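Since the structure is predicted, the reported quantities are computational estimates derived from the model, not experimental observations.
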Amino acid sequence: MRRLALLLVTGAVVGCGYHLAGTGPNVPESARTIRIEPFVNHTRENGLEVRLHRALEDEFRRHGALRVVVEGDADLVLSGQIRRFATVPVTFSATDEAVQYQGTMQVGMRLVERESGRVLHETKLLQEAQDFGAVSGVVIAGSPHFQRGTMNARDLPNLTNVQIGEARRHEALRDLLDLLARDIYLQAMEGF
């Protein structure tokens with residue numbers, strides 16, 4: 001009787017499409033390794049492809065479903081393009097000075113089974129956005145985003161708005177890259 005119950009539960013779980021995290025419908029069961037190619041950078045932001053590549057490798061290693069290889073034959077190959085990176089002002093002061101910006105990045109990606117050349121998953125456009133303050137009055141020194149950065153709250157009064165804005169832009173870019181790496185992983189491995 002217990003065996004019958006176990007078989008029924010197993011059949012229901014398998015039949016409903018349930019799978020272990022990191023082994024979604026896009027990934028063949030035989031896949032053990034993945035090579036992540038640097039994404040082609042179509043933006044004017046130098047080095048963006050290198051930073052995204054690192055973030056992607058870190059994300060795949062963190063989940064551990066596939067072993068990341070840098071050279072040689074991998075079972076799967078992830079490639080893509082960085083289509084757009086822009087920062088635009090979204091909030092202004094009474095004197096029309098930009099006090100808050102939004103950084104937006106768009107990428108496209110493709111997961112291919114190396115041996116057969118079969119495209120397992122392709123996302124033509126994936127976008128993430130991150131807001132960041134550009135003047136000392138907008139920066140909340142107690143926020144987790146600020147505390148993870150390299151600026152010290154005591155230094156804020158001595159920095160120009162340009163310096164604050166640039167430092168916050170770099171932090172927002174790092175967050176964008178982490179968000180995109182997570183999203184690319186989920187798209188490639190889980191199908192959503």
Side-chain angles (χ1 to χ4, degrees), residues 22 26-27 33-72 74-90 98 100-112 114 120-135 138-141 143-152 155-156 159-190 192:
N26 295 340
V27 180
T33 59
I34 186 168
R35 184 178 73 238
I36 302 169
E37 295 181 347
F39 281 31
V40 177
N41 186 358
H42 295 290
T43 73
R44 293 183 179 185
E45 186 77 18
N46 290 329
L48 198 54
E49 70 281 4
V50 174
R51 290 179 274 181
L52 179 59
H53 189 257
R54 282 187 201 134
L56 283 168
E57 285 185 340
D58 289 347
E59 187 71 20
F60 274 81
R61 284 186 178 112
R62 183 175 18 265
H63 290 279
L66 296 172
R67 187 171 50 89
V68 177
V69 296
V70 292
E71 290 182 13
D75 299 320
L76 307 176
V77 178
L78 178 69
S79 61
Q81 302 154 14
I82 304 170
R83 300 182 185 278
R84 180 172 184 260
F85 173 68
T87 55
V88 294
V90 292
Q100 189 167 5
Y101 288 82
Q102 182 177 70
T104 305
M105 191 179 309
Q106 297 174 342
V107 300
M109 53 79 64
R110 177 183 284 194
L111 182 66
V112 175
R114 185 196 53 81
L120 300 173
H121 183 80
E122 183 170 21
T123 301
K124 299 222 183 261
L125 183 65
L126 187 59
Q127 176 175 303
E128 281 290 350
Q130 181 73 38
D131 291 348
F132 60 97
V135 296
V138 177
V139 175
I140 301 170
S143 75
H145 274 44
F146 181 84
Q147 291 178 357
R148 271 197 334 242
T150 59
M151 290 193 306
N152 189 322
D155 297 333
L156 285 175
L159 297 173
T160 66
N161 286 342
V162 171
Q163 291 170 315
I164 293 170
E166 196 56 29
R168 299 294 295 154
R169 179 181 177 277
H170 286 292
E171 292 169 22
L173 177 57
R174 184 187 66 230
D175 290 343
L176 269 174
L177 292 169
D178 289 344
L179 287 170
L180 276 169
R182 183 202 67 214
D183 290 349
I184 290 169
Y185 177 86
L186 290 173
Q187 289 280 323
M189 300 297 288
E190 304 288 339
F192 59 90

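Between Ala74 and Arg114, the shortest heavy-atom contact is O-NE, 2.7 Å. The two residues Ala55 and Ala181 make their nearest non-hydrogen contact at O-CB, 3.5 Å. Contact between Ala65 and Met189 at its shortest, heavy atoms only, is CB-CE, 4.0 Å. In terms of heavy-atom proximity, Tyr101 sits nearest to Pro89 at CD2-N, 3.5 Å. Residues Val70 and Arg35 share a closest heavy-atom pair of O-CD, 4.0 Å.
Atom-to-atom distance recorded for Gln127:CD and Gln106:CD is 4.5 Å, nearest 0.5 angstrom. For the atom pair Arg182 CZ and Glu59 CD, the distance stands at 8.0 Å (nearest 0.5 Å). Note that NE2 of His121 is 8.0 Å distant from CG of Leu111, once rounded to the nearest 0.5 Å. The line from CG of Leu52 to CD1 of Ile184 is 5.0 Å long, rounded to the nearest 0.5 Å. To the nearest 0.5 Å, atom CD1 of residue Ile82 and atom CG of residue Leu177 are 7.5 Å apart. The CG atom of Leu78 lies 11.0 Å from the CD atom of Gln187; values are rounded to the nearest 0.5 Å.
Look at Arg54 and Glu57 and you find no salt bridge, because none of the NZ, NE, NH1 or NH2 atoms lies under 4.0 Å from a carboxylate O.
A donor-acceptor contact shorter than 3.5 Å links the side chain of Arg83 to the backbone of Lys124. Here the side chain of Thr33 pairs a donor or acceptor atom with the backbone of Asp75 at under 3.5 angstrom.
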Could you walk me through whether Thr43 and Met105 pass the side chain to side chain contact (heavy atoms under 4.5 Å, CB included) check? CA-CA 10 Å; Thr43 73; Met105 191 179 309; over 6 Å; no
Does the pair Leu173 and Thr87 meet the rule for a side chain to side chain contact (heavy atoms under 4.5 Å, CB included), with working shown? CA-CA 10 Å; Leu173 177 57; Thr87 55; over 6 Å; no
Ile34 vs Val68, side chain to side chain contact (heavy atoms under 4.5 Å, CB included): CA-CA, chis, key distance, verdict: CA-CA 5 Å; Ile34 186 168; Val68 177; 4.1 Å; yes
Run the side chain to side chain contact (heavy atoms under 4.5 Å, CB included) check on Leu56 and Leu180 step by step: do they pass? CA-CA 8 Å; Leu56 283 168; Leu180 276 169; over 6 Å; no
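By the salt bridge (charged side-chain N to carboxylate O under 4.0 Å, His left out) test, Arg51 is found to be paired with Glu45, residues two or more places apart in sequence or in another chain being considered. In this structure His63 satisfies the ring pair (Phe, Tyr, Trp, His ring centres under 6.0 Å) test together with Tyr185, sequence neighbours excluded.
The shortest distance between side-chain heavy atoms of Val88 and Thr104 does not fall below 4.5 Å.
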